[in-house]
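To start, the structure under review is shown below, and the notes come after it.
If you're wondering where the values come from, they're calculated on a predicted model, not measured in any experiment.
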Amino acid sequence: MSKLEFWLLDINYDVVGGVPEIRMWGVDAQGRRVVVIDRSFRPYFYVVVSDWGEKQSETLRRALAPYGVISLEPVEKRLFGRPVKAVKVTLSNPRLVPKARESAARVSFVQDVLEADIRFYMRYMVDNGILPSAWHTVDVEEADKPKQWAVDAVYLAKSPPKPLSEDRQPPPLRVAAFDIECYNRYGEPDPERDPVIIIGVSDGADVKLLTAEDKSDARLLREFVALISRIDPDVIVGYNSNRFDWPYLLERASKNHVKLAVTRAGGQPAPSVYGHYSVTGRANVDLYDYAEEIYEVKVKSLENVADYLGVMKKDERVLIDPNLIYAYWDDPQKRPTLLRYAEDDVKSTYGLAEKTLPFGIQLSSIVGLPLDQVFAASVGNRVEWHLIRQAYLYGELVPNRVERGYETYKGAIVLKPKPGVHQNVAVIDFSSMYPNIMIRYNVSPDTYVPPTEEVSEDEVWVAPEVGHRFRKHPPGFYKKVLERLLEARRRIREKLKELDPESPEYRILYERQRAIKVIANATYGYCGWSGARWYKREVAEATTAWGRMLIRRTIEYARKLGLNVIYGDTDSVFVNYDPDKVEKLIRYVEEELGFEVKVDKVYKKVFFTEAKKRYCGLLEDGRIDVVGLEAVRGDWAEISKEVQEKVIEIVLKEGDPWKAVEYVKKVIDELNAGKVPLEKLIIWKTLTKELDSYEVDAPHVVAAKQLLEAGYRVRKGMKIGYIITKRGGEKVSSRARPFFLVKSIDEVDTDYYIRRQIVPAALRILSYFGIKEEHILGGKKQASLFDFF
DNA sequence: GCCTTGAAGTTACCG
DNA sequence: ACCGGTAACTTCAAGGCG
């Protein structure tokens with residue numbers, strides 16, 4: 001027997017000779033790739049019973065007999081904080097759990113079946129405190145290695161692994177990025193018909209471009225399998241690989257009778273939870289999932305995301321129209337360009353992995369989902385897995401998912417801003433307001449006291465406005481969970497202060513505290529989500545009610561101090577920066593209200609219109625913040641955003657709105673002269689539902705229908721880029737066309753872009769200064785129409 | 001039948 | 001499949017006028 005330290009990369013299970021075995025794929029301290037097998041674990045679930053004795057035990061045992069029941073064990077557990085009579089039902093085979101669950105549910109004294117939907121390997125990790133993307137120590141015995149397994153050693157665990165320090169660095173991981181190009185002469189490539197023509201693979205040092213000869217990809221697929229096997233990556237990354245590359249490769253492989261044996265167990269990738277493909281023994285990460293969370297990037301193409309993250313600048317790489325890939329392939333002159341394009345794609349993908357994996361690794365170990373699942377899982381699922389882990393530690397049963405109706409409740413307060421330019425404004429905001437409210441007032445489903453229940457007043461916190469009551473003691477589930485998270489984050493931030501920001505340790509811990517913050521902040525939203533296991537409307541409702549109270553009291557006190565409250569939203573107040581008074585305000589909130597606030601930023605100048613949630617400000621270092629305005633929205637043409645940004649800059653930095661008018665006029669002249677590139681006129685909008693379920697023919701819907709007609713695949717979730725042209729009727733939508741079908745500026749309805757894009761975006765700022773449309777369009781034909789009225 | 005007006009539908013933002 | 005609050009656009013139908 002020996003001790004093994006390993007970092008857990010992937011986990012799965014199989015049933016061998018009727019015995020389930022957990023397989024933990026990882027990297028050990030010497031950099032060897034290992035599998036640790038545990039055959040001692042058995043699946044189980046709980047039944048909540050109204051009664052438990054010899055008779056019930058016999059009945060249940062009989063009902064479950066066909067499913068290999070091993071034991072029935074009454075246990076002390078709680079559900080939503082209340083002790084319940086529960087029986088732990090242990091089975092021999094994880095695959096029989098669903099059937100056994102149904103059977104158990106039919107037994108008369110069984111009130112509920114719980115935790116039967118926790119996947120077997122997740123169950124194993126939760127129960128043993130095992131964390132993916134983290135180090136463990138385990139007593140092992142070396143075992144025979146099945147010959148198709150691509151690892152250095154296989155071990156049998158003598159007992160379950162134990163987690164080591166969470167701050168320890170991950171081992172050096174081998175990462176491979178891949179990207180495929182398909183023949184697409186007939187539009188969207190169809191794996192039934194169109195071969196894969198290029199597969200690019202990068203291991204960070206080298207890029208290999210595998211190509212198909214004569215449009216036959218059987219050999220190409222075999223080469224890909226061989227290359228992956230040679231690189232033997234721990235992490236395989238792609239861009240949209242779960243939705244495109246993997247399913248496409250698998251289908252081509254099947255057509256060509258090639259086994260896509262890229263897993264460490266010698267098998268093929270397999271569809272798995274959250275729409276991701278599992279590549280056993282490796283982490284298969286789709287970076288598109290990460291990109292979806294970068295809201296600053298509106299059109300989430302690989303080149304845009306790589307550009308934004310500073311991985312590869314758009315103007316320093318080869319870009320070709322994806323629809324013309326086949327043409328570049330067919331033309332020997334152009335094929336080298338296509339190859340460079342494929343190379344840039346795969347290099348960008350690798351670069352993206354370098355930027356994002358450190359965060360992914362930390363998120364994975366905090367919420368407890370394997371690295372390849374954590375990006376693919378929704379925010380709700382991430383929070384939920386974090387909660388499931390904690391529930392186990394507290395002896396709380398995991399509630400079942402239940403179908404519920406949708407309920408609304410009141411949210412945060414947004415103040416009407418004071419319009420105009422304000423100098424020297426401090427933004428004061430609450431640190432993690434909602435998590436801290438839940439901690440302070442013990443807001444949780446298990447501490448909630450229903451109206452029917454009588455308790456003495458001093459035992460409960462009563463939420464303002466809504467009157468929901470929560471027991472002060474004992475600490476509720478959410479409180480315990482959030483306190484632990486915030487405390488961990490505090491500790492890490494303390495440690496960060498002592499580290500060199502350029503060091504790898506710093507990077508790891510920085511990403512870790514960021515991941516913790518993300519989960520803590522999402523927990524409030526989770527509790528108000530009707531799909532949540534720990535959903536309780538009153539919990540969410542009380543949290544926002546306390547939030548409103550806090551912000552109101554803060555504003556009141558600020559005014560009492562003589563501060564000018566200019567604006568506020570949810571957990572922030574904007575006041576004139578009088579350091580003494582601001583200091584007093586902060587002390588008041590900390591001492592009287594018991595919450596932490598800080599000066600988040602100070603604006604040299606900040607400008608508001610009458611609208612909430614939209615403003616712009618000049619910071620002391622000369623940077624400009626734009627919030628909510630057209631310039632930061634993805635559904636305005638680039639030209640309008642550019643104009644607004646520049647107008648804001650002129651107004652804030654030079655204080656001369658009329659100078660901005662001159663600038664806007666200049667841009668309009670350029671547009672009229674046909675000097676504005678077509679790309680700046682594209683308007684992008686998401687297709688949020690199926691095309692035929694739209695009630696209104698909005699411009700992007702009309703454009704999408706044209707795409708469909710032209711033979712393109714149109715799917716929910718796509719961003720549709722369109723340009724408004726002259727051709728068509730009165731309705732804007734009748735003049736919308738997919739952007740790439742518009743070939744010349746002459747087709748463009750420049751009047752639309754002037755009157756409905758550029759001018760409104762500029763006037764959003766300028767109208768406060770008395771500037772009107774005719775001042776911008778002055779002297780032009782359009783203005784005379786106005787004068788007429 | 002034409003024009004105005006406001007509601008409804010839609011998207012993307014803020015915190 | 002995390003929440004509610006908000007602005008702003010386009011379409012569409014109702015209402016007023018004649």
Open item on the list: Check the orientation of A/Y603 and A/F574. Use parallel for under 30°, tilted for 30 to 60°, and perpendicular for over 60°.
Closed with: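 Rings of A/Y603 and A/F574: parallel, as their planes differ by under 30°.
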TODO: Fit a plane to each ring of A/Y524 and A/Y409, take the angle between them on a 0 to 90° scale, and name the class: parallel (under 30°), tilted (30 to 60°) or perpendicular (over 60°).
DONE: perpendicular
Open item on the list: Using a 4.0 Å heavy-atom cut-off to protein, can you give one letter per nucleotide of nucleotides 1-11 of chain B, 5' to 3': B if the base is in contact, S if only the sugar-phosphate is, - if neither?
Closed with: --------SSB
Could you tell me whether [X] contacts a base, only the sugar-phosphate backbone, or nothing, with contacts defined as non-hydrogen atoms closer than 4.0 Å?
X      : answer
A/R764 : sugar-phosphate
A/G525 : base
A/K719 : sugar-phosphate

Report the distance from atom [atom1] of [X] to atom [atom2] of [N], rounded to the nearest whole Å.
X      : N      : atom1 : atom2 : answer
A/M433 : B/dC14 : CE    : C1'   : 14 Å
A/L629 : C/dC9  : CG    : P     : 12 Å
A/R614 : C/dC9  : CZ    : C1'   : 10 Å

Open item on the list: Both A/A412 and A/Y526 contact DNA chain C. Taking the nearest nucleotide for each, which residue is further toward the 5' end?
Closed with: A/Y526
Open item on the list: Let me spell it out: for each of A/D697 and A/D569, pick the nucleotide of DNA chain C with the closest heavy atom. Which residue's pick is nearer the 5' end?
Closed with: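 Closer to the 5' end of DNA chain C: A/D569.
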Open item on the list: Contact list please: residues 527-556 of chain A against DNA chain C, heavy atoms, distance less than 4.0 Å, in numerical order.
Closed with: A/G528, A/W529
- [ ] Measure from the ring center of A/W684 to the ring center of A/Y722 and say whether it is less than 6.0 Å.
- [x] no
Open item on the list: Looking at A/R514 and A/E511, is there a salt bridge between them, counting it only when a charged N and a carboxylate O are closer than 4.0 Å?
Closed with: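 Salt bridge present between A/E511 and A/R514.
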Task: Salt-bridge criterion met for A/E483 and A/R489 (N-O under 4.0 Å) - done: no
Open item on the list: By nearest atom, which of the nucleotides B/dG15, C/dC2, C/dA7 is closest to the A/A522 side chain?
Closed with: C/dC2
Open item on the list: Quick check for you: among B/dC14, C/dA8, C/dT6, whose closest atom lies nearest to any side-chain atom of A/K612?
Closed with: C/dT6
Task: Gap separating the OH atom of A/Y526 from the NE2 atom of A/H386, nearest 0.5 angstrom - done: 12.0 Å
